[in-house]
Amino acid sequence: MIRAVKGMRDILPPSSAVWNHVEETARKVFRSYNYGEIRTPIVEETVLFARGVGQDTDIVGKEMYTFEDRDGTTLTLRPEATASVIRAYLEHRMDQVPGLRKLYYMGPMFRRERPQKGRYRQFFQIGAEAVGSDSPAVDAEVIEMVIEILSRTGIAGFTLLINSVGCPVCRPQFVARLRERLKGVVNRMCADCQRRAETNPLRVLDCKVPEDQPIIDALPSILDELCEECRSHFDSVKSYLAGRSIAFEVRPRLVRGLDYYMRTTFEIVHGALGSQNSVLGGGRYDGLAEALGSKIPAPGIGFSIGEDRLVMIAEEAGADVRSGVDLFIAPLGETAFQYCALLARELRQQGAVVEVAANGKLKRSMELANKLGARFALIVGDDEMAGGRYGLKDMNSGVQEPVTREELLRRFAAHS
RNA sequence: GCGGCUUUAGCUCAGCCGGUAGAGCGCUGGAUUGUGGUUCCAGAUGUCACGGGUUCGAAUCCCGUAAGCCGCCCCA
């Protein structure tokens with residue numbers, strides 16, 4: 001048998017209803033903050049991600065689906081969306097619009113990693129970017145918005161973590177200082193840290209090995225090394241969040257993996273996720289446009305929600321999504337069947353969820369109505385056709401009463 | 001890319017030290033005429049993941065491959 005490729009999966013009912021619920025909630029929230037949807041191509045030139053995400057990241061280094069087009073161009077399935085959004089921002093000169101450009105997106109991303117819980121090779125992200133300002137007020141609004149999405153989706157128990165990773169002025173200084181301090185102690189740390197000390201010293205700060213913690217605690221913190229501008233920016237973000245009564249934890253060790261982040265970075269974690277406990281990550285990327293070779297600046301901040309993970313949490317929290325059928329119609333006889341088809345269309349136009357059984361044994365129809373979880377069943381046979389009153393049966397109570405066509409239409413009108 | 005566990009009916013799984021397969025749920029049909037949910041009866045379905053090996057004989061032991069899950073790395 002042909003199966004779905006490794007790390008990619010089918011999303012079926014009833015789970016797909018939860019996906020729809022999450023997406024609809026997000027769209028409503030985005031709309032209320034005046035964000036518009038952007039749809040970028042799933043395929044981009046490889047160089048966009050190489051420059052935008054960063055040559056040294058794992059994503060670019062070993063996780064991209066890259067192939068050569070027939071004309072020799074090297075293309076890549078997008079591993080994330082921010083680089084594409086900024087590319088589109090620059091390509092369409094969105095810096096010319098008044099105020100901020102506020103965009104949201106949702107769709108599949110591709111990363112060739114080893115699949116596990118909450119991690120797939122094709123996964124879905126819901127994200128937003130506010131481009132055109134470096135003001136900390138924008139950071140606060142963006143963070144508020146994403147929290148609004150989570151809570152309106154119906155989940156609780158998440159934690160907002162924030163940090164500042166500095167800018168091209170202060171970060172290199174900090175990294176140099178960190179390297180210096182690591183020299184003396186790294187040989188007492190875990191094997192991973194010894195490697196990270198060489199490849200990416202910032203990652204050492206993120207180590208979870210308990211034995212390493214005392215050593216890490218003694219290492220300098222990025223927050224102590226921020227330049228004046230970054231310090232004041234971060235202070236403003238924190239006070240704006242506090243002003244909005246948004247709870248957060250400052251995590252000086254929070255280092256995001258993408259090269260383009262600067263100043264504000266944030267992440268929301270949730271306990272139900274296991275090892276992949278991050279539901280969403282985001283941050284500011286004021287230098288990204290320049291990294292893409294643009295002379296037009298595009299300072300911005302954005303985030304990306306792991307939709308697969310959010311859905312997982314929502315399902316574990318028992319997200320109740322409306323499903324099932326409102327009315328199951330059981331016709332008896334060919335004439336009744338034809339009539340019922342018309343009646344069903346009318347009810348559906350009013351928004352009711354209606355099933356019409358094939359013309360057959362009533363017993364079979366009733367069994368099916370029960371299995372489908374129908375709230376009501378309608379029996380339409382010769383007697384009913386002649387009398388103008390049909391048998392409406394409440395499938396929970398078992399009570400059946402005769403109703404006219406008009407009563408029926410009125411009764412199922414509220415569903416629209 | 002590395003490690004551990006798993007892979008038997010549509011689903012969840014049992015099958016102890018090797019003798020060619022079972023349960024529950026689901027599905028199909030029935031218990032007299034146009035009424036479901038409970039009950040009763042009957043029934044169908046498996047190249048026991050794939051390939052190779054050991055053996056008189058393998059779902060059961062060994063090797064390999066693949067897939068799934070879980071962890072590491074990293075990330076959403």
Side-chain angles (χ1 to χ4, degrees), chain A residues 1-9 53-54 56-63 78-82 106-127 146 190-193 195-196 199-200 203 206-209 254-258 261 265-270 273-283 302-313 328 330-333 336 357 359-385 390-400:
Chain A
M1 267 305 290
I2 300 173
R3 301 168 46 96
V5 322
K6 188 185 182 79
M8 307 196 183
R9 58 188 182 146
V53 178
D56 298 330
T57 60
D58 279 7
I59 293 175
V60 172
K62 50 190 192 192
E63 296 173 0
R78 63 182 188 192
E80 59 106 50
T82 301
M106 44 185 71
M109 309 294 159
F110 302 84
R111 273 140 63 169
R112 200 179 183 294
E113 296 179 273
R114 187 71 164 263
Q116 59 182 278
K117 184 173 187 179
R119 170 192 287 170
Y120 305 94
R121 288 181 173 184
Q122 173 176 315
F123 61 103
F124 292 79
Q125 288 189 333
I126 297 175
V146 75
C190 69
D192 283 335
C193 280
R195 180 177 46 78
R196 285 187 280 237
T199 57
N200 191 348
R203 285 245 150 259
D206 213 23
C207 178
K208 280 125 196 148
V209 176
L254 177 67
V255 182
R256 304 224 52 82
L258 284 59
Y261 284 122
T265 60
F266 59 98
E267 179 170 334
I268 289 182
V269 296
H270 194 280
L273 252 30
S275 154
Q276 262 58 48
N277 69 345
S278 168
V279 203
L280 98 236
F303 62 83
S304 197
I305 300 172
E307 190 177 358
D308 303 72
R309 294 179 186 178
L310 182 54
V311 167
M312 193 183 301
I313 296 167
F328 185 99
L332 294 162
N359 176 22
K361 281 189 180 168
L362 182 58
K363 182 180 168 57
R364 277 190 49 72
S365 294
M366 293 304 290
E367 279 174 356
L368 189 55
N370 190 241
K371 283 169 189 166
L372 294 178
R375 286 145 181 71
F376 291 92
L378 188 75
I379 292 133
V380 183
D382 293 339
D383 298 348
E384 288 80 1
M385 293 284 285
Y390 317 111
L392 180 66
K393 181 166 184 173
D394 182 318
M395 295 298 284
N396 292 320
S397 65
V399 176
Q400 185 169 326

Whole angstrom is fine here: how far is it from [atom1] in [X] over to [atom2] in [N]?
X: A:Arg3; N: B:rA49; atom1: CZ; atom2: C1'; answer: 9 Å
X: A:Arg121; N: B:rG1; atom1: CZ; atom2: C1'; answer: 11 Å
X: A:Lys6; N: B:rG1; atom1: NZ; atom2: C1'; answer: 12 Å
X: A:Tyr261; N: B:rC74; atom1: OH; atom2: C1'; answer: 14 Å
X: A:Lys117; N: B:rA76; atom1: NZ; atom2: C1'; answer: 15 Å
X: A:Arg119; N: B:rC69; atom1: CZ; atom2: P; answer: 12 Å
X: A:Arg78; N: B:rA76; atom1: CZ; atom2: P; answer: 15 Å

ask   = Which residue, A:Tyr120 or A:Arg112, contacts RNA chain B at a nucleotide closer to its 5' end, judged by nearest heavy atom?
value =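 It is A:Arg112 whose nearest nucleotide is closer to the 5' end.
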request  = Name the residue closer to the 5' end of RNA chain B, choosing between A:Gly7 and A:Gly306 according to the nucleotide with the nearest heavy atom.
outcome  =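 The answer here is A:Gly7.
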Per-nucleotide protein contact string for nucleotides 24-40 of chain B, where B marks a base within reach and S marks sugar-phosphate only (heavy atoms under 4.0 Å, - for neither) = ---SSSS---BBBB---
message = Please enumerate all residues that pass ring-ring contact (aromatic ring centres under 6.0 Å, His included) together with A:Tyr120, with sequence neighbours excluded.
response =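 Result, ring-ring contact (aromatic ring centres under 6.0 Å, His included) vs A:Tyr120: none returned.
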Those residues that, when tested against A:Phe376, pass ring-ring contact (aromatic ring centres under 6.0 Å, His included) (two or more places apart) =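 By the ring-ring contact (aromatic ring centres under 6.0 Å, His included) rule, A:Phe376 matches A:Phe412.
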message = Just to verify, what does A:Lys363 make a side chain to side chain contact (heavy atoms under 4.5 Å, CB included) with, not counting sequence neighbours?
response =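 Per chain and number, A:Lys363 pairs via side chain to side chain contact (heavy atoms under 4.5 Å, CB included) with A:Glu367.
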query = Donor-acceptor pair under 3.5 Å: do we get one between A:Arg111's side chain and the base of B:rA76?
reply =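 Side chain to base: pair found, below 3.5 Å.
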query = In whole Å, what separates the C1' atom of B:rG10 from that of B:rG51?
reply =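 After rounding to an integer number of Å, I get 27 Å for this pair.
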inquiry  = Quick check on B:rC70: is either OP1 or OP2 less than 4.0 Å from any side-chain nitrogen or oxygen of A:Gln116?
reply    =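 So the side-chain polar atoms of A:Gln116 never come under 4.0 Å of the phosphate oxygens OP1 or OP2 of B:rC70.
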key: A:Glu113: side chain to side chain donor-acceptor pair (under 3.5 Å) partners, not counting sequence neighbours   =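 Scan of A:Glu113 (side chain to side chain donor-acceptor pair (under 3.5 Å), adjacent residues dropped) gives none.
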inquiry  = Whether A:Asp308 and A:Arg9 form a salt bridge (side-chain N of Lys/Arg under 4.0 Å from carboxylate O of Asp/Glu) is what I want to check.
reply    =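 A salt bridge is present here (some side-chain N lies under 4.0 Å from a carboxylate O).
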Pairs touching residues 390-399 of chain A that satisfy side-chain hydrogen bond (donor to acceptor under 3.5 Å, both in side chains), sequence neighbours left out =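 Those involving residues 390-399 of chain A are A:Tyr339-A:Tyr390.
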